[in-house]
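Both ligands and their constituent atoms are indexed starting at 1 by order of listing. Because only heavy atoms are used, hydrogens play no part in the values below, and waters and symmetry mates are left out as well, while side chains stay in.
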Amino acid sequence: MTKTNLLSDQVNDKPAGFLVFFGTFVDTPKLGELRIREKTSVGVFDGIIKFINTNSLDPIKDCLSYDTSLSPEDVTVVEVTEKDTTQIDGFYFPGFVDTHNHVSQYPNVGIFGNSTLLDWLEKYTFPIEAALANENLAKEVYNKVISKTLSHGTTTVAYYNTIDLESTKLLAQVSSLLGQRVFVGKVCMDANGPAYYIEDTKTSFESTVKAVKYIRETLSDSLVNPIVTPRFAPSCSRELMQQLSKLVGEEDLHVQTHLSENKKEIQWVQDLFPECANYTDVYDKYGLLTEKTILAHCVHLTEAEARVVKQRRCGISHCPISNSSLTSGECRVRWLLDQGINVGLGTDVSAGHSCSILATGRHAFTVSRHLAMKEADRVKLSVSECLFLATMGGAQVLRMDDTLGTFEVGKQFDAQLIKTDVPGSNVDMFSWQLQGTNQMQEQKRDVYKNPPLLTKEDIIAKWFFNGDDRNTIKVWVSGRLVHQT
Ligand SMILES: [Zn+2]
């Protein structure tokens, strides 16, 4: 038996043998449901969860009874120190899913001035994306972003790169090396771009085909997936969208694009595509709405557009930090969820100024409060609902909810280990708020007239509102340890 709390030798190596994770497991199997399973052992082999035993007495015994051919030497135990079962000192949480991240814009994070979408693109975004055709710069940025998102517990990301094919291949390589589960998109734009950052239709399509082929056949890493990426309707000709649509059907590919982010953008789309009933109809008419399409923003969708999104079974990436930063608007998430549309969270770096899905979830919570002040109380999103969007919601958007998003037998072990009590943590709790048995705590509780004890849900809420990468002490993708503090 190998028992370790560090596993330093496991970083960047494939996990060997049977792993069993032991401690408290928290996840959100349904919208609004926070499931907390304590004293639980989760057996993982080849990246996949093989068994889950709640009220486990001995994780090793659980493994041996799961597979009688195993001996204790074959099993590695990854254990969370639990001071007391009545308080959560550490817990496993599913890895976050970021459904919208422009990795190539990361050097601009925090820089947007007072711009709104269209001037932001011209002033800040196209220049930095064009600059990343330099592979040395690109490599530095990709390494930084992938390491950073992993350190914040994000195990799956849908990335937009740039229009450049070679740097798109590089992004796929770096993702593969660092072990993140990713969708890598070469941005397509053959219309309305600046002279220094635009492609012709043929090049745009052919380099997309080459990127898909490279990722699937040459790189051939099950964690790295291609995704067809028409930037947004104004950047794409009808011909290009039709060609991409054909490719998507033939190769069964995911698609990502932007929809209904900003009112000026919506008017521009109407002017450019007078034959279409609305913005959503542009993508529908040219064949880009499938059940594997991720539509970012959807801030100003009409009832008719939402019905089409629902009919085509597309997913929506809610990017609240970006929507607030560029004053795009407030996405009506409850309205979308009520219609049965899948919604996940997107950082939308760099219009979004944080790589963290936890920070994005907090902002989703706040934006829903702002909407509630104008609409009704029920549009507020709860902590557990925001955590659902951050994990299962994202998995649903990617159509990977049968393999990601919660801890279930048969799913991939994509997880983060959270601890609240770590040096420098911003999650402050006082000993007298926590259940305990030592005399000092009891005396303090007397002095303070028995202040209310924190529930487990309270502790998770404190992490949600105050936590950051300091609390994310280990991260696994498909059972492989890819980050530790
Ligand atoms: Zn975006």
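- Taking 2.8 Å as the criterion, His100 counts as a coordinating residue of the Zn ion (ligand 1), since one of its N, O or S atoms falls below it.
- Looking at Glu261 and Tyr279, their side chains never bring a donor and an acceptor atom within 3.5 Å of each other.
- The backbone N or O of Tyr124 lies less than 3.5 Å from a partner atom in the side chain of Asn108, making a donor-acceptor pair.
- Taking backbone and side chain together, Asp348 holds an N, O or S atom under 2.8 Å from the Zn ion (ligand 1).
- For the Zn ion (ligand 1), the N/O/S atoms of His258 include one lying under 2.8 Å.
- When atom types are taken as modelled, the side chain of Lys148 and the backbone of Ser356 share no donor-acceptor pair closer than 3.5 angstrom.
- In this structure, the side chains of Leu295 and Leu289 come closer than 4.5 Å at one or more pairs of heavy atoms.
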